[in-house]
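Read through the structure below, which is laid out as structure tokens, and then see the notes.
In what follows, chains carry the letters A, B, and so on, assigned in the order in which the sequence lines appear, proteins first and then strands, with residues in each chain numbered from 1.
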Number of protein chains: 2
Amino acid sequence: MPTVSSEELAAAAGVNSAKLRKDFSYLGSYGTRGVGYDVEYLVYQISRELGLTQDWPVVIVGIGNLGAALANYGGFASRGFRVAALIDADPAMAGTPVAGMPVQHTDDLEKIISDNGVSIGVISTPAGAAQQVCERLVAAGVTSILNFAPTVLSVPDGVDVRKVDLSIELQILAFHEQRKAGEEAAADGVEPPAAAKQQRKGPDGDVPAVMPA
Amino acid sequence: MPTVSSEELAAAAGVNSAKLRKDFSYLGSYGTRGVGYDVEYLVYQISRELGLTQDWPVVIVGIGNLGAALANYGGFASRGFRVAALIDADPAMAGTPVAGMPVQHTDDLEKIISDNGVSIGVISTPAGAAQQVCERLVAAGVTSILNFAPTVLSVPDGVDVRKVDLSIELQILAFHEQRKAGEEAAADGVEPPAAAKQQRKGPDGDVPAVMPA
DNA sequence: CCATCTTTGTGCACGCGTTCACAAAGACAT
DNA sequence: ATGTCTTTGTGAACGCGTGCACAAAGATGG
């Protein structure tokens, strides 16, 4: 039986072995003292806890460049996601195959959701259409929404929304880039704020929590 | 002079006003006691600190669906980013206009970087090409990379990489979705782990820090 | 069956970020 | 000018997550 110790896993992941063991302990006691964790069983347990063993049908609404990119994205299938349908408001797109799947018209949204038992929807429409699409998805039974449109969606309680803003990551890079350029900026006559001097905590340095929308 | 109090801002943003004031204090003392913060000045200071006032030329390498989507993404310009060039390895694409800008061939990558003073690069190539593109970008002087390819890039010290995995957000949604479905899962004969019972802390509940790649 | 050795699971302490609470600062009215 | 009122800026307390360190558990060998 192939096993791994928490020490090995921690070294590979670059984290503390105690933290790793504690995290695993939340899933139950799947390890064997003096031996380690049964690899196969551990993978199964983590996969199950994360929902990777389930089949999650999703619909993508708004098949522009981004929607098409998502439809073609290979990472979904391997994580248990199945693109059940591609939906767009443009009648001219209806029937056009994208990623080997015909685009369907928005009119059929409710039927598609219900027929496929979809509970997760992806919105990659223009900003103007997002809220309306969101409401139709929710009304049809969707309870989790991944929003790529640059709008804040308002949803009833019990519905989860995650917003992905592609420019935020760039902004974080620019933020660090600015610090690398660093001390020369002081020559502008503006005193560099204290925040500019604090050291990043880890590999995933973050920006302040509050920033204007 | 239009002003806002930390209390108003905190209410609007849904955070604690003391935290907000403390965050602002890291940028300097820009508030006036008894009055609040001068809106215009505050916006300027935050923009400057975040690097929004600077012009950041970026190149996008790999003009597939995702690259095209990024090139068309409106959010960049408003945050101080300027797409300096679109680069692709396919000779057939060279010259083709995408988002009103001709695609250039990878051969000219180094010259483009240097001519435009680019320090931030976006990689939206297939996984296989990413590391090689990354190395050329770094060699040409890029020090920050936004990676959309499903690969872990290795870079020398001093270079920042941020990896965007579009499926991770979906996975987080599925994770919560699984919990909503919740207690029925216990009927499977598998005892629900303790972690499934802990309550989410805030609107942005997170997944455990460690998960298999 | 007992001793020894390895590795887990976890109580406890430490450190950091968030929140509370208040003194200091400034505006504004009298 | 003096007093009052509002809001900032920050010292101090609190709470939570991380890491240390060790007892318990089990494997393995004599």
Side-chain angles (χ1 to χ4, degrees), chain A residues 1-46 49 172 175 191-211, chain B residues 1-46 49 172 191-212:
Chain A
M1 181 177 85
T3 61
V4 272
S5 69
S6 62
E7 205 64 55
E8 294 173 87
L9 282 174
V15 299
N16 183 285
S17 68
K19 172 167 163 45
L20 193 142
R21 283 199 299 279
K22 194 161 281 187
D23 279 1
F24 283 4
S25 77
Y26 291 133
L27 312 177
S29 292
Y30 299 138
T32 306
R33 300 180 184 214
V35 177
Y37 298 88
D38 172 22
V39 173
E40 191 183 350
Y41 188 53
L42 182 63
V43 166
Y44 168 71
Q45 288 297 347
I46 294 177
E49 181 69 21
I172 293 172
F175 184 69
E191 184 66 10
K197 290 167 192 158
Q198 42 180 56
Q199 197 58 29
R200 287 176 53 194
K201 295 167 307 198
D204 259 10
D206 257 349
V207 290
V210 177
M211 77 172 79
Chain B
M1 181 178 88
T3 61
V4 272
S5 69
S6 62
E7 205 64 54
E8 293 173 88
L9 283 174
V15 299
N16 183 286
S17 68
K19 172 166 163 48
L20 193 142
R21 286 199 297 280
K22 191 160 280 186
D23 279 1
F24 283 3
S25 77
Y26 291 133
L27 312 177
S29 292
Y30 298 137
T32 306
R33 300 180 184 215
V35 176
Y37 299 88
D38 174 21
V39 174
E40 193 183 350
Y41 189 55
L42 183 62
V43 166
Y44 168 72
Q45 288 296 347
I46 294 177
E49 181 68 20
I172 294 172
E191 184 66 10
K197 289 169 193 159
Q198 43 180 53
Q199 197 59 30
R200 288 175 53 193
K201 295 167 307 198
D204 260 10
D206 256 347
V207 291
V210 177
M211 77 172 83

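In this structure, the CG atom of B:Asp23 is 12 Å from the C1' atom of C:dT19, given to the nearest Å. Following rounding to the nearest Å, A:Asp38 (CG) and C:dT7 (P) show an atom-to-atom distance of 16 Å. Following rounding to the nearest Å, B:Leu20 (CG) and C:dC20 (P) show an atom-to-atom distance of 14 Å. Atom pair A:Leu42:CG and C:dT7:P shows a separation of 16 Å (rounding to whole Å applied).
Qualifying side-chain hydrogen bond (donor to acceptor under 3.5 Å, both in side chains) partners for A:Glu40, counting only residues two or more places apart in sequence or in other chains: none. Remark: B:Glu7 pairs with B:Ser17 by the side-chain hydrogen bond (donor to acceptor under 3.5 Å, both in side chains) rule, at least two apart or across chains. Partners of A:Ala11 under the side chain to side chain contact (heavy atoms under 4.5 Å, CB included) rule, at least two apart in sequence or in another chain, do not exist in this structure.
Under the side chain to side chain donor-acceptor pair (under 3.5 Å) test applied with B:Ser6, the options B:Lys19, B:Lys22, B:Arg21 reduce to a single match, B:Arg21.
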At a cut-off of 3.5 Å, list every protein nitrogen or oxygen paired with a nitrogen or oxygen from nucleotides 8-12 of chain D, distance to 0.1 Å.
unit_1, atom_1, unit_2, atom_2, d
D:dT8, OP1, B:Ser6, N, 2.7
D:dT8, OP2, B:Ser6, OG, 2.7
D:dT8, O2, B:Arg33, NH1, 3.1
D:dG9, OP1, B:Gly31, N, 3.3
D:dG9, OP2, B:Tyr37, OH, 2.8
D:dG9, O4', B:Arg33, NH2, 2.9
D:dG9, N7, B:Arg21, NE, 2.8
D:dG9, O6, B:Arg21, NH2, 3.0
D:dG11, O6, B:Lys22, NZ, 3.3
D:dA12, N6, B:Lys22, NZ, 3.2

Set out, line by line, the N/O atom pairs under 3.5 Å between protein and nucleotides 1-3 of chain C.
none

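The six-membered or imidazole ring of A:Tyr41 lies near that of A:Tyr30, with a centre-to-centre distance under 6.0 Å.
Between B:Lys19 and C:dT18, a side-chain N or O to OP1/OP2 separation shorter than 4.0 Å is present.
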Quiz prompt | Derivation and outcome, side chain to side chain contact (heavy atoms under 4.5 Å, CB included), residues B:Leu42 and B:Leu9 | solution = CA-CA 12 Å; B:Leu42 183 62; B:Leu9 283 174; 4.1 Å; yes

